Enquirer: 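Attaching a single structure in structure tokens format; questions to follow.
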Protein chains: 2
Amino acid sequence: MSLSHAILASLSDNTYSGYDLAKQFDGSVGFFWKATHQQIYRELRKLEEAKFINSQEIAQEGRPNKRVFSITETGKNHLRKWITEPTELSTTKEEILIKVFAGHLVPKTKLIQELEHQRYCHQERLTVYKGIEHQFVRDVNADSREVRYKYLTLRRGIRFEKEWIAWYEETINFLAELPED
Amino acid sequence: MSLSHAILASLSDNTYSGYDLAKQFDGSVGFFWKATHQQIYRELRKLEEAKFINSQEIAQEGRPNKRVFSITETGKNHLRKWITEPTELSTTKEEILIKVFAGHLVPKTKLIQELEHQRYCHQERLTVYKGIEHQFVRDVNADSREVRYKYLTLRRGIRFEKEWIAWYEETINFLAELPED
DNA sequence: CACTACATGTAATATGTTACATGATTGC
DNA sequence: GCAATCATGTAACATATTACATGTAGTG
């Protein structure tokens with residue numbers, strides 16, 4: 001599974017604690033890979049056993065100590081191998097499409113209501129992404145290789161939110177013009 | 001979880017055996033919700049316990065008997081309720097974006113190779129969808145409400161494959177112009 | 001004084017994957 | 001005769017989700 005790869009990818013250019021990673025999985029990498037902190041801590045243990053990462057206890061005043069993880073050369077090679085090996089297309093699971101698929105069961109207006117709710121959520125996410133893009137553009141002068149690659153993933157986020165919104169428009173209009181109901 | 005909803009949606013306008021459903025989850029609904037036959041059989045047992053569906057043994061000559069499932073009124077209402085209740089955006093898990101995110105670890109050409117592989121897979125899937133669309137267009141004259149709703153999900157499939165391909169183009173070009181490596 | 005952020009964990013349950021098992025029919 | 005399709009299932013294992021647990025520090 002790829003949670004391990006997502007963690008290794010996060011650690012590929014920086015060190016993080018489990019807590020930091022959980023936050024990353026709530027933004028950044030989290031935009032295309034979700035995980036709870038419980039999953040992350042469990043996976044970190046496995047990755048350390050496999051010698052793909054190692055950890056160091058950092059004492060902190062006031063706050064509880066933290067364990068900071070860094071990727072090993074073995075871990076990097078493992079990631080590199082996976083990146084270059086062809087993988088299948090990731091499978092998507094879209095609840096909204098199940099809803100539309102069985103949409104004939106409910107009054108048209110109710111379905112449209114839910115479609116509008118989802119469209120709104122995508123709109124909000126798009127705004128978040130654009131904000132992040134703004135930051136990126138500033139950094140572009142002093143940009144490192146790493147940053148540019150991350151920017152590409154952000155671009156896909158922006159494009160896809162726009163595409164979702166366009167499909168919602170099309171779908172809502174189509175339904176609005178259906179005579180039934 | 002929504003596997004149950006996906007099954008109920010499939011049964012919303014027809015009766016199917018577990019085997020039939022497994023096939024549906026390999027095409028049709030399967031384009032936005034994957035499940036293996038084991039998952040499906042397990043879920044069917046639960047749905048029957050909950051009285052959302054009921055089954056009938058159908059004797060067949062030659063072939064093993066099959067149990068055909070149909071949705072109950074309770075099941076339909078359960079689905080209806082879920083459709084109209086607002087749900088969160090579905091989370092996506094995209095391996096290719098993890099690969100791009102950590103792309104700085106490998107030679108640029110290797111990453112491009114994998115991007116091209118993925119783009120090719122999307123291209124193939126788009127061709128499949130367009131073939132299905134062709135069928136739909138023929139049926140549109142004799143079209144039922146159900147068919148039109150299904151068509152909307154297909155439209156999203158087509159739009160999104162096109163969008164993926166466009167992002168791959170953009171990304172591959174961007175990488176090709178990077179000086180490094 | 002309640003809430004949020006920091007920091008890590010256990011336990012139970014739900015989902016998903018992989019392998020194995022059975023047995024008939026149809027097509028090459 | 002061998003593979004594929006029809007049809008359903010068990011068992012073991014891997015992943016993911018939800019709830020609960022613990023304790024400090026800073027903010028309003």
Side-chain angles (χ1 to χ4, degrees), chain A residues 1-8 10 15-27 29-30 32-50 53 55-69 87-95 98, chain B residues 1-8 10 15-27 29-30 32-50 52-53 55-69 82 87-95 98:
Chain A
M1 255 297 88
S2 292
L3 173 57
S4 58
H5 299 123
I7 291 175
L8 290 175
S10 294
T15 61
Y16 295 106
S17 67
Y19 188 84
D20 294 332
L21 286 167
K23 269 194 304 175
Q24 280 232 294
F25 277 76
D26 219 67
V29 200
F32 45 89
W33 208 274
K34 292 271 173 249
T36 60
H37 75 275
Q38 292 84 346
Q39 276 177 275
I40 291 164
Y41 284 117
R42 186 172 40 184
E43 202 64 36
L44 284 169
R45 235 171 288 142
K46 282 190 206 164
L47 288 170
E48 196 165 17
E49 269 171 41
I53 59 175
S55 65
Q56 219 190 333
E57 185 97 14
I58 305 260
Q60 296 185 123
E61 341 80 69
R63 293 176 192 172
N65 293 354
K66 63 176 172 181
R67 277 200 306 143
V68 170
F69 295 90
T87 45
E88 305 271 291
L89 296 191
S90 296
T91 62
T92 48
K93 298 200 166 181
E94 298 290 351
E95 301 200 0
I98 300 177
Chain B
M1 254 298 89
S2 292
L3 173 56
S4 59
H5 300 122
I7 291 175
L8 291 174
S10 294
T15 60
Y16 294 107
S17 66
Y19 189 83
D20 294 333
L21 286 167
K23 270 193 302 174
Q24 281 231 297
F25 278 75
D26 219 65
V29 201
F32 44 89
W33 208 275
K34 293 271 172 248
T36 61
H37 76 277
Q38 292 84 347
Q39 274 178 275
I40 290 165
Y41 284 118
R42 188 170 40 185
E43 201 64 36
L44 284 170
R45 233 171 289 142
K46 282 190 207 164
L47 288 170
E48 196 165 15
E49 269 171 43
F52 290 157
I53 59 175
S55 64
Q56 219 191 335
E57 185 97 14
I58 305 259
Q60 297 186 122
E61 340 83 65
R63 293 179 192 169
N65 293 353
K66 63 175 170 181
R67 277 199 308 145
V68 169
F69 295 89
W82 176 75
T87 46
E88 305 271 290
L89 296 191
S90 296
T91 61
T92 48
K93 297 197 168 184
E94 300 290 352
E95 301 200 1
I98 300 178

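Numbers restart at 1 for each chain; the letters A, B, ... are given by sequence-line order, proteins then strands. Since this is a predicted model, take the numbers as computed values, not measurements.
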Enquirer: Output the rounded distance in Å from CD1 (Ile40(B)) to P (dT18(C)).
Expert: 15 Å

Enquirer: Nearest-Å distance, CD1 (Ile58(A)) to P (dA7(C))?
Expert: 11 Å

Enquirer: Encode nucleotides 8-13 of chain D as B, S and - characters from 5' to 3', where the letter depends on protein heavy atoms closer than 4.0 Å: B to the base, S only to sugar-phosphate, - to neither.
Expert: BBB---

Enquirer: Is there a side-chain contact between Phe25(B) and Leu3(B), using heavy atoms and a 4.5 Å cut-off?
Expert: yes

Enquirer: Would you call Ile7(A) and Ser4(A) a side-chain contact if the rule is heavy atoms closer than 4.5 Å?
Expert: no

Enquirer: Atom CD of Glu57(B) to atom C1' of dC6(D): distance rounded to whole Å?
Expert: 14 Å

Enquirer: Just the rounded figure in Å: distance from C1' of dT8(C) to NZ of Lys23(A).
Expert: 15 Å

Enquirer: Could you tell me whether the phosphate oxygens of dT15(C), OP1 or OP2, come under 4.0 Å of any side-chain nitrogen or oxygen in Lys46(B)?
Expert: yes

Enquirer: Please state whether the phosphate of dT15(D), meaning OP1 or OP2, lies under 4.0 angstrom from any side-chain nitrogen or oxygen of Gln39(A).
Expert: no

Enquirer: Given atom CD1 of Ile7(B) and atom C1' of dT15(C), what is their separation to the nearest angstrom?
Expert: 12 Å

Enquirer: Specify the closest pair of heavy atoms between Ser2(A) and Ile98(B), including all atoms of both residues, with the distance to one decimal.
Expert: O-CD1, 3.9 Å

Enquirer: For Ser90(A) and Glu95(B), which heavy atoms make the closest approach, and how far apart are they?
Expert: OG-N, 3.0 Å

Enquirer: Side chains of Glu94(A) and Thr92(A): any donor to acceptor distance under 3.5 Å?
Expert: no

Enquirer: What is the distance, rounded to the nearest whole Å, between atom CG of Leu3(B) and atom P of dA16(D)?
Expert: 16 Å

Enquirer: In whole angstrom, what separates Tyr16(A)'s OH from dA7(C)'s P?
Expert: 14 Å

Enquirer: Can you tell me if Glu57(A) has over 12 outside heavy atoms packed within less than 6.0 Å of its CD?
Expert: yes

Enquirer: Take the protein atom CZ of Phe25(A) and the nucleotide atom P of dT8(C), then report the distance between them rounded to whole Å.
Expert: 15 Å

Enquirer: Return the minimal non-hydrogen interatomic distance between Ile40(B) and Ala22(B), and the atom names on each side.
Expert: CD1-CA, 3.5 Å

Enquirer: Should Lys93(B) be listed as having a side-chain N or O under 4.0 Å from OP1 or OP2 of dA16(D)?
Expert: yes

Enquirer: Rounded to the nearest 0.5 Å, what's the gap from CG on Leu8(B) to CZ on Phe52(B)? Could you check?
Expert: 7.5 Å

Enquirer: Side-chain contact test, heavy atoms from C-beta onward, threshold under 4.5 Å: evaluate it for Glu48(B) versus Ser55(B) and give yes or no.
Expert: yes

Enquirer: Just how large is the angle between the end axes of the helix from dC1(C)-dG28(D) to dC28(C)-dG1(D), five pairs per end, to 10 degrees?
Expert: 40°

